[in-house]
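One-based numbering, in listed order, for ligands and for the atoms of each.
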Amino acid sequence: MTGLWAEFLKAVFLLLPAYIANMIPVFSGGKTPIDFGQKLYRHRILGPGKTIRGFVYGVAAGTIIGSIEWLLLPFLNDYASSFGFVFPKMNLFIAFLISFGSLAGDATGSFIKRRMNLERGKEVLGLDQLNFIIGAIVFSFFFTQISWEMIAVMILITPIVHRTACIIGYWIKVKREPW
Ligand code: CTP
Ligand code: MG
């Protein structure tokens, strides 16, 4: 049980900057879209829901959160050592990679949705919840320590956290759809 608890805490540690990076654009999305309104064949490359400001603010916020975790790492590892585990490596660069990967994955999800002829905001179950997590893992995989157990935990808890955050965002009227 301690083993699973450790994998859970390590997963949450790496997920936090990715979640923040993905959440901040909902509050601070701008106007200018990343694709500048360009189309690929008949559809927008990414669509109006992916803005430059959202991307930059999201990456910045996620990087700050990851850096705070980096500063807290000695204290966190003090706690972890009593359970016999160590938190994964974190620094400014890894915090940036996780955050950038999170929003790159998010944009990739939109790219795929536009190719599927789906308009901005249409839900694709699975893709909408996991795009950013997959991006964060891909970008940081070789720079920190990510076990397969951690990936399993991330994929299991993210849809629940994501859905809950989206519903709250919809209630407080910062999000257009509850997903
Ligand atoms: N957002 C942004 N810039 C980004 C990502 C998100 O400005 N790089 C903002 C947009 O206002 C967007 C909102 O955050 O509408 C919610 O993000 P998301 O659900 O990922 O976008 P959707 O509007 O659903 O668009 P898509 O169908 O492309 O996923
Ligand atoms: Mg959406």
Side-chain angles (χ1 to χ4, degrees), residues 11-12 14-69 90 92-141 143-144 146 151 153-179:
V12 169
L14 291 185
L15 283 178
L16 209 59
Y19 284 167
I20 294 296
N22 195 255
M23 231 158 67
I24 288 298
V26 177
F27 302 95
S28 64
K31 260 207 173 117
T32 314
I34 296 172
D35 66 11
F36 289 104
Q38 297 284 331
K39 289 182 178 177
L40 183 66
Y41 301 109
R42 304 161 69 108
H43 303 285
R44 286 283 295 273
I45 300 175
L46 300 177
K50 304 294 116 134
T51 68
I52 294 176
R53 210 172 95 138
F55 194 96
V56 170
Y57 278 45
V59 171
T63 305
I64 290 170
I65 293 299
S67 299
I68 293 171
E69 289 187 324
M90 179 63 74
L92 183 72
F93 180 58
I94 294 167
F96 171 80
L97 285 178
I98 292 173
S99 309
F100 186 90
S102 169
L103 288 179
D106 176 60
T108 305
S110 293
F111 180 82
I112 294 168
K113 281 162 76 172
R114 299 302 90 83
R115 308 286 75 71
M116 290 164 70
N117 192 13
L118 295 170
E119 281 178 26
R120 178 245 191 108
K122 283 273 181 302
E123 190 185 24
V124 177
L125 210 67
L127 187 68
D128 278 332
Q129 291 76 26
L130 296 173
N131 53 19
F132 72 102
I133 262 357
I134 294 168
I137 294 170
V138 167
F139 273 75
S140 63
F141 192 82
F143 297 90
T144 182
I146 305 180
I151 293 179
V153 171
M154 290 174 181
I155 289 175
L156 279 172
I157 66 174
T158 295
I160 303 163
V161 177
H162 186 264
R163 193 66 183 211
T164 309
C166 287
I167 291 171
I168 294 170
Y170 182 71
W171 277 348
I172 62 172
K173 295 185 167 57
V174 291
K175 216 172 175 313
R176 299 152 61 102
E177 307 90 10
W179 53 77

query = So, does Q38 use its side chain to make a donor-acceptor pair with the main chain of D35 at under 3.5 Å?
reply = no
inquiry  = Looking at R114 and R44, would you say the former's side chain and the latter's main chain have a donor-acceptor pair under 3.5 Å?
reply    = no
message = Could you tell me if the side chain of R163 sits less than 4.5 Å from the side chain of W179, heavy atoms only?
response = yes
key: Residues F100, F55; criterion ring-ring contact (aromatic ring centres under 6.0 Å, His included); working and verdict   = CA-CA 8 Å; F100 186 90; F55 194 96; 5.4 Å; yes
query = Quick one: does L103 get within less than 4.0 Å of ligand 1, heavy atoms only?
reply = no
task = Using heavy-atom distances, let me know which of G49, G54, S110, G121 sits nearest atom 6 (C) of ligand 1.
result = G49
ask   = Y19 and H162: aromatic ring centres closer than 6.0 Å?
value = no
ask   = Relative to the heavy atoms of R114, which atoms of ligand 1 are at a distance of less than 4.0 Å?
value = 26 (P), 27 (O), 28 (O)
message = So, regarding W179 and ligand 1 (criterion: nitrogen or oxygen to nitrogen or oxygen, under 3.5 Å), is there a contact or not?
response = no
task = Write out the residue and atom name of the closest protein heavy atom to atom 9 (C) of ligand 1, then the distance separating them to 0.1 Å.
result = P25 O, 3.4 Å
inquiry  = At less than 4.0 angstrom from any non-hydrogen atom of G29, what atoms of ligand 1 do you find?
reply    = 7 (O)
query = To which protein heavy atom is atom 19 (O) of ligand 1 closest, and what is the distance rounded to 0.1 Å?
reply = K175 NZ, 3.3 Å
ask   = Applying a 4.0 Å heavy-atom criterion (strictly less than), which segment of D106 is in contact with ligand 1: side chain, backbone, both, or neither?
value = side chain
inquiry  = Using a 3.5 Å distance criterion without hydrogens, assess whether the side chain of T144 forms a donor-acceptor pair with backbone atoms of S140.
reply    = no
inquiry  = Could you check whether any side-chain heavy atom of I133 comes within less than 4.5 Å of a side-chain heavy atom of L15, counting everything from C-beta outward?
reply    = yes
remark   = Filtering R120, E177, K50 for the heavy atom nearest atom 20 (O) of ligand 1 leaves K50
request  = Go through ligand 1 atom by atom and flag the ones less than 4.0 Å from a non-hydrogen atom of K113.
outcome  = 26 (P), 27 (O), 29 (O)
ask   = Is it the side chain (CB and beyond), the backbone, both or neither of R53 that lies under 4.0 Å from ligand 1, heavy atoms counted?
value = neither
query = Within 45° of the ring axis of F111 and under 6.0 Å from its six-membered ring centre, is that where the NZ or CZ of R115 lies?
reply = yes
ask   = Among protein heavy atoms, which sits nearest to atom 3 (N) of ligand 1, and what does the distance come to when rounded to 0.1 Å?
value = T51 N, 2.9 Å
